[in-house]
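These notes are about the structure you will find just below.
Side-chain atoms are counted along with the backbone in the values below, which use heavy atoms only and exclude waters and symmetry mates.
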Amino acid sequence: MVVLALTLCACNDTGKEGEGGNDTRTLFQKALQQDSRKIDKTPDSNTPSKKTESAGNRPSFTPTDGAEADETVDAEELEEFRQDYEGAADVEEKSEALIALVQADEKNAVALLKEAYTSPEPELRREAILQLQDFSDDEQAVDLMLRALDDPDSEVVMNAVEGLSGQESARVAEKLKKVAQSHPDEAVRELAQDYLDQANEYSQ
């Protein structure tokens, strides 16, 4: 519409000489430039929009997929992640470094988390099992979460229960049943029973 109006203006001023005619042509050119910029800024329907990322309540890095991380993190950077993890000053820093390392080296994530679970620090074991929930289709991860159901720390056990909740196997169901019946922590027993009840509902 702006272009059309200015075009008419330019037509009405045909024959006028001097400064007025130059101003009309200048406005006309500016209008064309503005319309051109608007067209350029119009989003391309084929261009995917960025997804809003949410980490939930977990301190883990949901943003970058492992496959993408493997392509962008070179060997030198990966070694830096490893050094940060191994040289962490305290358990909190080590837990954060573990998260970063797992994301950067997803191919070896289960092995890294398995090693982290051997820590005497409950906080690090909690984080290891929490991160393992993202690898519940890996048999070694399932084995480690089953093992973690016997952990002396209740939070570790609860993380393991949550990680195993989607598994459809007799050994997982049997282990969760044992936790639901005999674990000393009532909250853990209730959580395990809730998942067993849900599994029974879906199977019916």
For the atom pair [atom1] ([X]) and [atom2] ([Y]), what is the distance rounded to the nearest 0.5 Å?
X      : Y      : atom1 : atom2 : answer
Leu78  : Asp105 : CG    : CG    : 4.5 Å
Lys177 : Ser182 : NZ    : OG    : 12.5 Å
Ser136 : Glu162 : OG    : CD    : 12.5 Å
Asp84  : Leu101 : CG    : CG    : 9.0 Å
Asp138 : Lys114 : CG    : NZ    : 10.0 Å
Leu113 : Met145 : CG    : CE    : 10.0 Å

Any Lys/Arg nitrogen of Arg125 or Asp153 sitting under 4.0 Å from an Asp/Glu carboxylate oxygen of the other?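 No salt bridge links Arg125 with Asp153.
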
Arg147 and side chain to side chain contact (heavy atoms under 4.5 Å, CB included): which single residue from Asp143, Leu144, Asp150, Asp151 fits?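 Answer after filtering Asp143, Leu144, Asp150, Asp151: Leu144.
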
Test your reading of the model: is there a side-chain donor-acceptor pair from Glu127 to the backbone of Ile99, 3.5 Å cut-off? no

Polar side-chain atom of Ser119 near backbone of Ala116 as donor-acceptor pair, under 3.5 Å: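 Answer holds: no.
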
Where [X] and [Y] come nearest, the two heavy atoms and their spacing:
X      : Y      : result
Asp185 : Ala187 : OD1-N, 2.8 Å
Ala148 : Ile129 : CB-CD1, 3.7 Å
Leu124 : Ser95  : CD1-OG, 3.7 Å
Ala180 : Leu196 : CB-CD1, 4.0 Å

Any heavy-atom pair between the side chains of Leu164 and Lys175 that's under 4.5 Å?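 Not in contact.
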
I'd like to check Asp197 versus Gln193 (side-chain heavy atoms, cut-off strictly below 4.5 Å). Are they in contact?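 Answer yes - side chains close enough.
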
Do other residues, nucleotides or ligands put more than 12 heavy atoms under 6.0 Å from the [atom1] atom of [X]?
X      : atom1 : value
Gln83  : CD    : yes
Arg171 : CZ    : yes
Glu79  : CD    : yes

What do the steps show when you test Gln198 against Tyr195 for side-chain contact (heavy atoms from CB on, under 4.5 Å), and what is the final call? CA-CA 5 Å; Gln198 290 176 20; Tyr195 282 123; 3.9 Å; yes

Any chance the side chains of Asn159 and Glu155 put a donor and an acceptor closer than 3.5 Å?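 Looking only at side-chain atoms, Glu155 and Asn159 do not form any donor-acceptor pair under 3.5 Å.
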
Carefully, step by step, assess Phe135 and Val102 under the rule side-chain contact (heavy atoms from CB on, under 4.5 Å). CA-CA 11 Å; Phe135 302 92; Val102 165; 4.2 Å; yes

